[in-house]
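The block underneath contains the structure these notes are about, expressed in structure tokens.
No experiment lies behind these values; they were computed from the predicted model shown. So you know, we letter chains A, B, ... as the sequences are listed, proteins then strands, and number each from 1.
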Amino acid sequence: MKIGVVTFPGSNCDYDCYKAVQEGLGAEAVFLWHKEHDLQGVDAVFLPGGFSYGDYLRAGAIAAHSPIMREVVAFANGGGPVAGVCNGFQILCEAGLLPGALMRNRTLKFRSRPVYLRVEQAQPPFTSEYQAGQVLRVPIAHGEGCYTADAEILDDLEATGRVAFRYCDAAGEVTPQSNPNGSARNIAGIVSPAGNVLGMMPHPERAVDVVLGNTDGLGLFRSLADFLVESA
Amino acid sequence: MTEYGIEVRVTPRRGILDPQGKAVGGALASLGFTGVGEVHVGRLIVFTLQADSEAQARERAQAMCRHLLANPVTEDFAVTVGAPAGSAA
């Protein structure tokens, strides 16, 4: 099992992802440089958080057209598992692999703190280790995480079970107060129609180590590992 | 080939919440400027473009907007084609 982590200029969560794969899962991790055209035979790809290309133009807009992304788009369209976290989610939307867009937080403030997430769908390849309705505590750190899409797209996401996570309170109630950025319908993460592409603003890779007091994000990496073992 | 001056104006799509515009509107009000309606903050992208005709320049600039310069989910764009600043023609 080999998992690739893409590094763009300005990525800053790539090492966290790499370590989560290597130490959290005990799997092989490789960095994929944004200028490369070769995915090095990886079984899954992570697009990490950060500020690729300085967030110039729009967050994720320039990274979405970088050389490695052509390969990532082809890999995803062929059914390969791709997860984008934070800036990675923004890049997936800009690349057209996921619908909608991430706009400036409604409060205009950069939010960096742990939030509660309700698991909406416990499905491979990314959330099968969780249970639907389970409440996770995972950090967020973003200024542009307000998920926005037309009402028809939001309805379609819900009708087809493609909302992966929603912001909620400690009891799992989805409330306006528990929405840290103004995202439509408290959406924190979504998947593609085939389910193999996940985008989420919260950082599961920052919640994989007992030493840091939180392992709620580990389930995402374990879900992916289960999926890759079963489909091997 | 002629060199055209292109201006692309990108603004938040109508009906989409624009917290930045709202904040600027609030700041104007707090400075005592009255009569200000809705405020929107966008961006202006300026470049020169070699093209055979003004129509071709416009078409290519619009393609750039659709592919990169604007996000159709959240933004509208308008393209203006003119001669580059400082050109004799």
Quiz item: To the nearest 0.5 Å, what is the distance between CZ (A/R106) and CD (B/Q20)?
Solution: 15.0 Å
Quiz item: Where on A/L108 is there a heavy atom nearer than 4.5 Å to chain B: the side chain, the backbone, both, or neither?
Solution: side chain
Quiz item: With sequence neighbours excluded, what pairs up with A/Y167 under the side-chain hydrogen bond (donor to acceptor under 3.5 Å, both in side chains) test?
Solution: A/N181
Contacts table for residues 143-151 of chain A: side-chain donor-acceptor under 3.5 angstrom, sequence neighbours left out:
residue : atom : partner : partner atom : Å
A/Y147  : OH   : A/P99   : O            : 2.7
A/T148  : OG1  : A/C146  : O            : 3.1
A/D150  : OD1  : B/R13   : NH2          : 3.2

Quiz item: Considering residues at least two apart in sequence or located in another chain, which fulfil the side-chain hydrogen bond (donor to acceptor under 3.5 Å, both in side chains) criterion with A/S178?
Solution: A/T175
Exercise. Answer yes or no: does atom OH of A/Y15 have more than 12 heavy-atom neighbours from other residues, nucleotides or ligands under 6.0 Å?
Key: no
Quiz item: Are any of the side-chain heavy atoms of B/D18 and A/M103 separated by less than 4.5 Å?
Solution: no
Exercise. Answer yes or no: are there more than 12 heavy-atom neighbours, outside B/F47 itself, under 6.0 Å from its atom CZ?
Key: yes
Exercise. Examine whether an atom of A/R58 lies under 4.5 Å from a heavy atom of chain B, and if so say whether it belongs to the side chain, the backbone or both; otherwise answer neither.
Key: side chain
Quiz prompt | Contact residues of residues 55-75 of chain B (partner chain A; heavy-atom separation under 4.5 angstrom) | solution = B/H67, B/L68, B/L69, B/A70, B/N71, B/V73, B/T74, B/E75
